[in-house]
Every structure is written in structure tokens, then in C-alpha cells.
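Just so it is clear, the structure is predicted and the values come from calculations on it, not from any experiment. Letters A, B, ... mirror the listed sequences (proteins, then strands); counts begin at 1. Reckoned from all heavy atoms, side chains included, excluding hydrogens, waters and symmetry mates.
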Protein chains: 2
Amino acid sequence: MKPKIEDVAKLAGVSPTTVSRVLNNRGYIGEKTRQKVDEAIKELNYYPNEVARSLFGKKTNLLGVIFPTTSNPFYGQLIFHLETLASSLGYKVLLCNSQGREDKEIEYLEMLQRHQVDGIIAGAHNEGIEAYSIPGLPVVGVDRYFSDTIPVVSSDNYEGGRLATELLIKRGCSTIIHINGPISLKTPANLRRKAYEDVMKEHELPHLTYEMESEETEERVLQQLFDANPKVDGIFASDDIIASKVLRVAKTKGIHIPNQVKLIGYDGTETQQLMLPELSTILQPIKLIAEKALDLLIKQIEGGKEEIPYEVVLPITLLESETTR
Amino acid sequence: MKPKIEDVAKLAGVSPTTVSRVLNNRGYIGEKTRQKVDEAIKELNYYPNEVARSLFGKKTNLLGVIFPTTSNPFYGQLIFHLETLASSLGYKVLLCNSQGREDKEIEYLEMLQRHQVDGIIAGAHNEGIEAYSIPGLPVVGVDRYFSDTIPVVSSDNYEGGRLATELLIKRGCSTIIHINGPISLKTPANLRRKAYEDVMKEHELPHLTYEMESEETEERVLQQLFDANPKVDGIFASDDIIASKVLRVAKTKGIHIPNQVKLIGYDGTETQQLMLPELSTILQPIKLIAEKALDLLIKQIEGGKEEIPYEVVLPITLLESETTR
DNA sequence: TTGTATGCGTTATCAA
DNA sequence: TTGATAACGCATACAA
């Protein structure tokens, strides 16, 4: 079937070792020999079997990437950058959609270990999992704390929450509500909420946070939100998806945004910029997050003695648009 | 470091063969032996090395998935379903973002072969590539013809194009323009355009198709479109991203949609339904496409003699919303 | 400069 | 019911 190194060797009239040398450019090789081997490789359309290489070499060049779902443009975009960058560095990505489910995450984690991945980048909005602490397996968290030894990359969630809240206040809002996704205790994203509360307190305004538990009840919760808070004039949604839902519910209730209620979201994905550019939002440096996370992971894998920082915080940008004007 | 089968064997006081038997539930095993082995496995926290298994077994349970980018919600959602389903069937996904570049595709193809993937699912909007015809390597195309032996899964693009165009006509449009992404000769998505032209001809209306070549010139092309066609009253965009751009440009030009121009897109991703629900569109059965593509691929891999259809066409759904009312 | 022998971790074959 | 041995494809140590 597929040609192996031995087939190449035979055709070139040399030993497998020599072929291996040519392939890896290691040791001394005669010029003529190299040519013969190269020809044989081309003729047989040979390429090395990475599985065998991995088994021997104790390195697979495989990276595990665990996030809730590529359906969500934020993760889709982040994973795009992760994979593209990894690819340019010679690493391949094993994709895992955890759907925010801990059982899935644990399954994937085991699978990735069985496949001997060189490292894992993971982010998902639920509790940190002890299972990620695997001796000898480098891990980097994105927007998520796993343990005090696993580095975390995130954007400046506190500053983002602050900018968002302050913008609403500056635009004249005083009854401002914050809407979260499901609670996530160990997530830097919590800082968005903390910042919101801090800013409100600083301005001596009352704060109120809603949490969207399940997808099913979201619409109802949002309806109730408007009914229960007739004086609400500002909403800070913790991501653009939630902001979109707010927009839709407001519309059905005849509430005009931004005239009656101003709204700001969070994330600023390419898709949001295209599909919903009128939404004010906090732009996360998605590509930068990917770069930094990968950088930390590969530093661990290729292990210079370089000190790895425990936490990297990247800058965000306020993107004001129509929903806060 | 990581325990191997031999470590387990030693601890359990049996041979590696026996451990392997327990792991794979193959052959006869004494009840006590099994218990001892199970205990040793737990104690050492052992799990088998899939790389070694793959090398021996000639099967990796790895699937290559090549699409332009997970940043695009359509592919993001498709890949989510592909991976989730594959995972439930015991397969893992190696992710490849080709960015619509043929050179990248070819690179990825080689990489996937080196890694001995069991099969490949690919879709990307450019020419079919001969390189995909790899003896012994099952491939399935999504919305893309590679060769006459590689099966293709797509949704009913012709019917979708027809429904979209007919809707615009029914809503009173007569000067209807179609906007494509970059030309893609070998893509079933071309049928959208064909259907548009057919329907226009049937109604004895003139047809005109614009093609968005590069991202840079898009905005200008769209501007020109409106300037050059002041009487345009209907636009059929070949995907929702393009439709979003039309919406934006129309707004800057003070053209009201749907009052002056009606607009319909194509895809109907979850993200679009959330962020831009007012856009009329053709809903592709993304999950179904994933299911069918995977089904065809796995049938080839696990190779019952079952006949594999060359082409599978899945039904689409018209989703009318405000931009055509 | 090149070749031989060995091992990476697993499983299948065959013998015990 | 269990164990010794060989083989998967490759790259290294060592010898030539």
C-alpha cells in the first residue's frame, strides 16, 4: 500500500537509515546519495508516517483545543487563530467542542492524553476542573482558572466592564442592569460583573445583575427583566449574543433602543461587526489572545527554562455604536 | 513517566498480553485475573497509548476536516456538528482552516496523510483539487465537487436559489440583482445563481450577477452596484455575510430596506438568527449536512459493501423576515 | 559517509 | 486461560 522508508531505501539502493538521514537532514550524507534518495521519494510519492515518528520520538506535534462550541463566533474566531498559528509553527489541532459540559470535558481530556497530545488550550465557562492538572502535560487556560499552576490568558475583563458601564452612565443612564451568562465562578469574565458593580457603587447607583441560566428560559427572563424594571434605561450584556437577545426582546415589547434603553455588549467578533454593527460593544483582542495562549503553551512544551507568567491580561477596546447613542 | 502496559502487567503479576486482553475484552480471561488487572490499571491511572495502537492497528480514528475558516458561523456551526457527531462515533477531528487558499489545502492534505487520518471531509469555495483523489483515503465533499469518485453532500442549492428569487418577485421586485462570493466553478452553490437566472428568465426579467472578488474591494463594488443600478428593488445575496454587507452599504446610502430594496440572504446560521433575525434567508440544514457527510465518510472507512451515492442533496427552508416584507 | 541492530507501546499469532 | 515473540514504521546508537 503506502510506501515506507524501506521501499524508498530499496529503490534508491541504500539503507533505511540513509533515507531517514535525508528526510531529517541529520548527519553526513553524500551528495549523490541524497539525490538518489530524493528521486526515489518523489517517484514513490513517499512521505513519512507521523504515527511511527510520534511513537518513537515521544512527541506528536498535536495540540488539544477544548472550547464550548465553534458555533459561537467568538470561539470560532479564537479557534481559527489558534489553529492557523499552530499550523504555522508545525503543530496540529485536535478540536473538542465541550458544549460547556464538564462530563464532555473530562472525556475529551482523557482522549487527548491517550492520543499523546503535546499540550492543551482550553476555555469554557464553568468551574475549573482538577482533571486539567496532569503531570507533564502543558495546559493553558483562556479566560478560565484551572489551578494555580496553569497559566491563564484573558483580556482585561475588569477594564472592559468598567468602560462599558461608564459609557452607559456617561450617556445618561442611571438604572443600569447587567446580564450574565450562566454563573462561572472561576472565570476572569466575572470581573466584568465586578467592574460593573464597582462603577455603579462609585456613582452611587443601584446595581442589579441577571443571570441567564438555561437557553430555554432566557426569553422569559428577559421579558420579566423589562416588566420588573420599567425604569431601566441601560443594559450591559456580558456578551454580544445576549445583547442580541436583549435587542430582540426589546423590539417585541416596543421598547426603543437606544432612545428608551441603551445597550452595550461584549466580544466584538468579526461576525458581530458584520451582522450587528449598530451594537456598541467591548472588543476583545481575539487574535492576540490566541497568540499569547499558544506562545505560553509552546514555551512550556519546548521548555526553555524561561519563566512562564501565571496570568496574561490583554487590552480591550471600547467600540461605541448606535445602541448607546 | 506515563505508565505503559508493561507497568500494569508487572503490578498485576501477569503478562502484557493479558493486560491487553483485558483492555480490549478479547479472548478468554480469568475473572480473578481481570480484577487484578483492573485494579492495577486504576492504581497506575493507566490508559492506552493511541499512537502505539494506531501504528500497529493501521487505524487512527482521526478524521481531517478542511474548511475555509471557523470564524465564519456557517463553517463554525457545520464543524461543531461534524466534530460532535464524530466524537460520539469514536472519531477525533483534526481541524484545518484553509482560508480558501489552494496552497493551504494542499499542505493540509499532505499533513493529514502523514498523520494517517482515516478519512477527510472538506469543503471550500474554490476549484476542485485533484490532490484530493488519494488512493485508499476516503473523502467526502461538502458543497464541493472534487472528482467523479468523491461523494458530495450539499443542500438543495437550486431550490434555494429558486425560492429566494421567487420570493423577491412575489414581493413585487422586478429589478433583481444577485451577488455572489468569489466564483466557484465546481460548487453546487453555483446552482443558486443558475436558479436565479432561470427564474428571472421565466418571468422575462433581466438578470444581473455581481461577484465579490476580494474583501478589500467589496465595499466599493457594493457602492457601485447601487449607483449603477438606481432602479434595483431586490437583491439576492448568496450568503448572509454578503447580505449583511449589503444592508450596511444601503444604510450609508440612505436606501431603505425593505421599502426601496428588498433583500434575501442564504445560510440561516444560529448566529444570524440571533444577530440579524430581520434578514430573510434560505435556511440550510447544517446539522443534517454534517450527519450525512459523516455517514458517507464512515461508510467508506468501515466499508460495508454498501453502495455510496455520489451526490446527496438535502432540503432547504425559506425563512422570510422583515427584509422582504 | 553509510549500514546494522534495537526500541518506541501495542496487539495478534502461536504455543504452552 | 495465559505467555513469549514478532511486527507496525521510524530514528537513534553504535559499528563499519
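A/S87 and A/T84 share no side-chain donor-acceptor pair at under 3.5 Å. A donor atom on one side chain and an acceptor atom on the other are found under 3.5 Å apart for B/S147 and B/T149.
For the pair A/V139/A/I134, no side-chain contact is recorded, criterion being any heavy-atom separation below 4.5 Å from C-beta on. The shortest distance between side-chain heavy atoms of B/V312 and B/I289 does not fall below 4.5 Å.
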Q. For every nucleotide of nucleotides 9-16 of chain C, 5' to 3': is a protein heavy atom under 4.0 Å from its base (B), only from its sugar-phosphate (S), or from neither (-)?
A. BBBB----
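Residues of residues 33-44 of chain A that place a heavy atom closer than 4.0 Å to DNA chain C, in numerical order, are A/T33.
The structure places NZ of A/K58 at 11.5 Å from OG of A/S54, a figure rounded to the nearest 0.5 Å.
For the side chain to side chain contact (heavy atoms under 4.5 Å, CB included) test, no residue two or more places apart in sequence or in another chain qualifies with A/E107. In terms of the ring-ring contact (aromatic ring centres under 6.0 Å, His included) criterion, A/Y108 has no residue partners (sequence neighbours excluded). For A/F80, there are no ring-ring contact (aromatic ring centres under 6.0 Å, His included) partners two or more places apart in sequence or in a different chain.
Heavy atoms of B/V14 sit under 4.0 angstrom from primed sugar atoms or phosphate atoms, though from no base atom.
Between A/S15 and C/dT2 there is no side-chain N or O to OP1 or OP2 distance below 4.0 Å.
Ring geometry for B/Y145 versus B/Y310: interplanar angle under 30°, hence parallel rather than tilted (30 to 60°).
Atom P of nucleotide C/dT4 and atom NZ of A/K10 are separated by 13 Å, given to the nearest angstrom. Distance A/M1 CE to D/dC8 P: 15 Å, rounded to the nearest Å. In this structure, CG of A/D7 is placed 11 Å from P of D/dC8, rounded to the nearest angstrom.
Salt bridge status for B/E105 with B/R101: absent, with no side-chain N to carboxylate O gap under 4.0 Å. Ion pairing between a basic and an acidic side chain is recognised when a charged N comes within 4.0 Å of a carboxylate O; B/R53 and B/E50 show such pairing.
The terminal axes of the helix from C/dT1-D/dA16 to C/dA16-D/dT1, fitted over 5 pairs per end, subtend an angle of 40° to the nearest 10°.
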